[in-house]
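Okay, so here's the structure we're looking at.
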Amino acid sequence: GLPHQFWASAEGRPGYSGVGLLTKTEPLNVTYGIGDPEHDADGRVVTAEFPSLFVVCAYVPNAGRGLVRLEPRLRFDAAFLEFLRRLDAQKPVLLCGDLNVAHAEIDLCHPRANRANPGFTPQEREGFTRLLGAGFVDSFRHLYPEARGAFTFWTYLGGARARNVGWRLDYAVLSQRLLGSLCDSKIRSTVAGSDHCPITALLAV
């Protein structure tokens, strides 16, 4: 039931990174990357244009153990934000994917212990704050501002998922002017099969 399928993956690095977009309706146009040669070879972004909006599927780079890739991650964040702004100037945007950041303390189980760990550094969190400041909205947090224990990722170690020791790293972020079309934003935490779970955004467009 999803006949239109578009895939991107890292050039010359099988299994390193990639993203896919599957749709019932054929897009008007599909593009790959964000127009930045430093990052586009990693196959992290696929964008489909539809009549009323752009849908951007993304897998944002991880800062790496010991934060060895924090600086490239921050450069990606800056370039990605400019890319999203350019799209948003044309029509509204729905961004979906693993953004590899827990924005606020409510978005992970142990914030105090993870302040210097990838996904919760001040720099990465500030990058997400800048995204929101540019006119985008975290759909789940908009609808459920006080929801706790709402996570999308759990390490395979130590029975973390069974104990719900997790992080919210996966998001549906949308242009502010799409808020009137937002019906719901759900975390499907009971769906197994990965260290992440699916999320669902429902929009009437």
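These numbers come from the heavy atoms of this one structure, side chains and all, not from hydrogens, waters or symmetry mates.
Taking each heavy atom of Pro198 and Val191 in turn, the nearest pair found is CD-CB, 3.6 Å. When all heavy atoms are compared, the tightest approach of Cys197 to Arg161 is CB-NH2, 3.6 Å. The two residues Leu67 and Ala116 make their nearest non-hydrogen contact at CD1-O, 3.5 Å. Between Ala147 and Ile106 the shortest heavy-atom distance is O-CD1, 3.4 Å. In this structure, Pro27 and Phe50 approach most closely via the heavy-atom pair CA-CE2, 3.8 Å. For Ser185 against Leu143, the heavy-atom pair with the smallest separation is N-CD1, 3.5 Å.
In this structure a side-chain-to-backbone donor-acceptor pair under 3.5 Å is missing from Arg44 to Ser9. Although no hydrogens or angles enter the test, the distance criterion places no donor-acceptor pair under 3.5 Å between the side chain of Arg168 and the main chain of Ala102. Of the possible polar contacts, none joining the Lys24 side chain to the His4 backbone as a donor-acceptor pair under 3.5 Å is found. At least one donor-acceptor pair under 3.5 Å links the side chain of Ser139 to the backbone N or O of Ala172. One N or O on the side chain of Asn100 and one on the backbone of Val60 form a donor-acceptor pair closer than 3.5 Å.
Looking at Leu94 and Val56, their side chains never come closer than 4.5 Å, going by heavy atoms from C-beta outward. With a 4.5 Å cut-off on side-chain heavy atoms, Val101 and Leu169 do not count as touching. Two residues are said to be in side-chain contact when any heavy atoms from C-beta on lie closer than 4.5 Å; Val173 and Leu99 meet this criterion.
Heavy atoms from other residues, nucleotides or ligands lying under 6.0 Å from CD of Glu146 number 12 at most.
Residues meeting the ring pair (Phe, Tyr, Trp, His ring centres under 6.0 Å) test with Tyr16, sequence neighbours left out: none. Arg125 pairs by the salt bridge (Lys or Arg N to Asp or Glu O under 4.0 Å) definition with nothing, not counting sequence neighbours.
Look at Asp170 and Arg188 and you find no salt bridge, because none of the NZ, NE, NH1 or NH2 atoms lies under 4.0 Å from a carboxylate O. Ion pair Arg115/Glu105 flagged as a salt bridge, since at least one NZ, NE, NH1 or NH2 atom sits closer than 4.0 Å to an Asp/Glu carboxylate oxygen.
Follow the hydrophobic side-chain contacts under 4.5 Å out from Ile34 and you reach Leu84 in the same cluster. When the side chains of ILVMFWY residues are joined at heavy-atom separations under 4.5 Å, either directly or via intervening members, Leu178 and Leu132 end up in two distinct hydrophobic clusters. Hydrophobic clustering, with ILVMFWY side chains joined whenever heavy atoms are under 4.5 angstrom apart, groups Val19 together with Phe6. Trp7 is connected to Leu2 through a chain of hydrophobic side-chain contacts under 4.5 Å among Ile, Leu, Val, Met, Phe, Trp and Tyr, so both are in one cluster. Note on Phe54: it clusters hydrophobically with Leu81, by side-chain heavy-atom contacts below 4.5 Å among ILVMFWY residues.
Side chains of Asp107 and Trp167: no donor on one and acceptor on the other come within 3.5 Å. Counting only N and O atoms by type, the side chains of Asp88 and Ser175 include a donor and acceptor under 3.5 Å apart.
Sorted by first and then second residue, the ring-ring contact (aromatic ring centres under 6.0 Å, His included) pairs with a member in residues 129-149 read Phe140-Tyr144; sequence neighbours excluded. For residues 18-40, the ring-ring contact (aromatic ring centres under 6.0 Å, His included) pairs, not counting sequence neighbours, are His39-Phe76. For the ring-ring contact (aromatic ring centres under 6.0 Å, His included) condition, the pairs that include at least one residue of residues 83-135, sequence neighbours left out, are His103-Phe128, Phe128-Tyr171. Among residue pairs with one or both ends in residues 55-80, those qualifying as salt bridge (Lys or Arg N to Asp or Glu O under 4.0 Å) are Glu38-Arg75, Arg73-Asp77, Arg73-Glu124; sequence neighbours excluded.
Atom OG of Ser17 and atom CZ of Arg13 lie 7.0 Å apart (nearest 0.5 Å). Rounding to the nearest 0.5 Å places CG of Asp195 at 4.0 Å from OH of Tyr156. Separation of atoms SG (Cys96) and CG (Leu174) is listed at 9.0 Å; rounding is to 0.5 Å. Rounding to the nearest 0.5 Å places CH2 of Trp154 at 9.5 Å from NE2 of His196. The structure places CG of Asp184 at 9.0 Å from OG1 of Thr200, a figure rounded to the nearest 0.5 Å.
Screening Val46, Thr23, Thr47 for a side-chain contact (heavy atoms from CB on, under 4.5 Å) with Val30, the sole residue that qualifies is Val46.
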